[in-house]
Protein chains: 2
Amino acid sequence: MKQDGDLETILGYQLQRANLEITGDARRVLAPFGLTPAKFAALLMLRANPGCDQTALGRALSINRSSVMKLINLLEAQQFVERRAGRNLRTNALHLLPDGEARLTTVLRALRESDDRMSARLTAAERTTLLALLRKLGSARGRNSALPI
Amino acid sequence: MKQDGDLETILGYQLQRANLEITGDARRVLAPFGLTPAKFAALLMLRANPGCDQTALGRALSINRSSVMKLINLLEAQQFVERRAGRNLRTNALHLLPDGEARLTTVLRALRESDDRMSARLTAAERTTLLALLRKLGSARGRNSALPI
DNA sequence: TATTGTTATACTCTATAACTATA
DNA sequence: TATAGTTATAGAGTATAACAATA
């Protein structure tokens, strides 16, 4: 099978391939903890912003309010997170539970190993470059659809 | 909302964000042609390898045989592609139809515009670097799961 | 009126497992 | 036995649209 010259230089295609490769390993690592990449990202963002509401979390992650609902419902059922009374009657204040935060620390360690393993074929400098370029691309995320501000 | 320091340096998270951003625009561009990113990629790969069978296409795209089935069923219904008699009774030879190839040329032009628009916040050199790094990461794709060789 | 949470529904992409026919 | 295609099913991640309650 020949490679296709166009696909080689289509950013979206290469992103999708790399994403599946890296995310696949992350998924295997997270599964024993009952987590998925999306739930894991939500936990980290929550840890950095205790007490935030669901809409704010969605904006930070650049995902829809209804997608946040799903994640928090699951994380609450797993005792990672708690919905507390918010600053008014229509908002929730989201908090990591102490045990959830402890578990998250363990999970983060495991995920870092996965990340290192997956980026092993890059030099440290390449990895840093890649992260910077990805952030540039992803920073526009939600400026249209998910972050109507 | 604060950013989370860990998420900033987790490759999988930044890949996912960038992927959603870039693929989202591609999806909007492809939709009027009845295509999605996955179907589009299959078409390009098929154009480069006329007459290949479904399993080979799956390997080239690093996706499962059953995923190829879905894509080809749709593309055949849309008259982009045809299953012809293969080199033996259990293989299909996949071929782009002439009109499908013509349409693909138009679509490719539109997608290139999307790709350029999305990578506009990178310099040409950065875009090249990014593609090279992504290919390094994605090249392992399927060596375990999807490409048992 | 605008916003928050919620619910129901749907779509994309992919995978696994098992079957059938053929090699 | 091994491989190609097929089918059914499932899971992860997301979105849209509409509603109720609240601001």
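FYI, side chains are in, hydrogens and waters are out, and symmetry mates aren't considered; it's all heavy atoms of this structure. Below, chain A is the first sequence line, B the second, and so on; all start at residue 1. Please read all numbers here as calculations on a predicted model, not as lab measurements.
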Residues from residues 83-96 of chain B sitting under 4.0 Å of DNA chain C, heavy atoms only? Asn88(B), Leu89(B), Arg90(B)

Toward the 5' end of DNA chain C, by each residue's nearest nucleotide, Met69(A) or Leu20(A): Met69(A)

Dump the intermediate steps for salt bridge (charged side-chain N to carboxylate O under 4.0 Å, His left out) on Arg47(A) and Glu101(A), then the final yes or no. CA-CA 8 Å; Arg47(A) 191 182 59 171; Glu101(A) 184 152 5; 5.1 Å; no

Let me know, please, whether Ser66(A) or Lys39(A) comes out on the 5' side of the other along DNA chain D by nearest nucleotide. Lys39(A)

Produce the list of close N/O pairs, under 3.5 Å, pairing protein atoms with atoms of nucleotides 9-12 of chain D; give distances to one decimal.
unit_1  : atom_1 : unit_2   : atom_2 : d
dA12(D) : O3'    : Arg27(A) : NH1    : 2.7

Expressed as a whole number of angstroms, how long is the span from Ile72(B):CD1 to dT7(D):P? 14 Å

Asn73(B) CG to dG5(D) C1': how many Å, rounded? 10 Å

Regarding the side chain of Asn64(A), the nearest nucleotide among dG5(D), dT14(D), dT16(D) is dT16(D)

Rounded to whole Å, please give me the gap between CG in Asp53(B) and P in dA21(C). 20 Å

Can you check the Tyr13(B) OH to dG13(D) P distance for me, whole Å? 13 Å

same_hphob_cluster(Leu46(B), Ile63(B)) at 4.5 Å side-chain heavy-atom cutoff: yes

Kindly list each side-chain donor-acceptor pair under 3.5 angstrom involving residues 32-41 of chain B, sequence neighbours excluded, with atom names and distances?
unit_1   : atom_1 : unit_2   : atom_2 : d
Thr36(B) : OG1    : Lys39(B) : N      : 3.3
Lys39(B) : NZ     : Gly34(B) : O      : 2.9
Lys39(B) : NZ     : Gln78(B) : OE1    : 2.7

Using salt bridge (charged side-chain N to carboxylate O under 4.0 Å, His left out), reason through Arg121(B) and Glu126(B) one step at a time and then give a plain yes or no. CA-CA 9 Å; Arg121(B) 72 179 65 86; Glu126(B) 284 175 331; over 6 Å; no

side-chain hydrogen bond (donor to acceptor under 3.5 Å, both in side chains) between Gln79(B) and Arg103(B), intermediate numbers included: CA-CA 10 Å; Gln79(B) 319 262 17; Arg103(B) 280 187 283 166; over 6 Å; no

Donor on one side chain, acceptor on other, Arg83(A) and Asn73(A), under 3.5 Å: yes

For atom CD1 of Ile63(A) and atom P of dT16(D), their distance in whole Å: 13 Å

Short side-chain N/O contact from Gln16(A) to OP1 or OP2 of dT14(C), under 4.0 Å: yes

To check you understand the geometry: which heavy-atom pair defines the closest contact between Leu97(B) and Val81(B), and what is its length? CD1-O, 4.0 Å

Between Arg112(B) and Thr9(A), is any side-chain donor less than 3.5 angstrom from a side-chain acceptor? yes

Atom pair distance, as rounded to whole Å: CZ in Arg59(A) and P in dA15(D): 14 Å

Whole angstrom is fine here: how far is it from CG in Leu74(A) over to P in dT7(C)? 13 Å

Apply side-chain hydrogen bond (donor to acceptor under 3.5 Å, both in side chains) to Ser66(A) and Asn64(A), showing your working. CA-CA 5 Å; Ser66(A) 69; Asn64(A) 197 281; 3.1 Å; yes

Base, sugar-phosphate, or nothing for Thr55(B), non-hydrogen atoms under 4.0 angstrom? sugar-phosphate

Separation of atom CG in Asn19(B) from atom C1' in dT12(C), rounded to whole Å: 12 Å

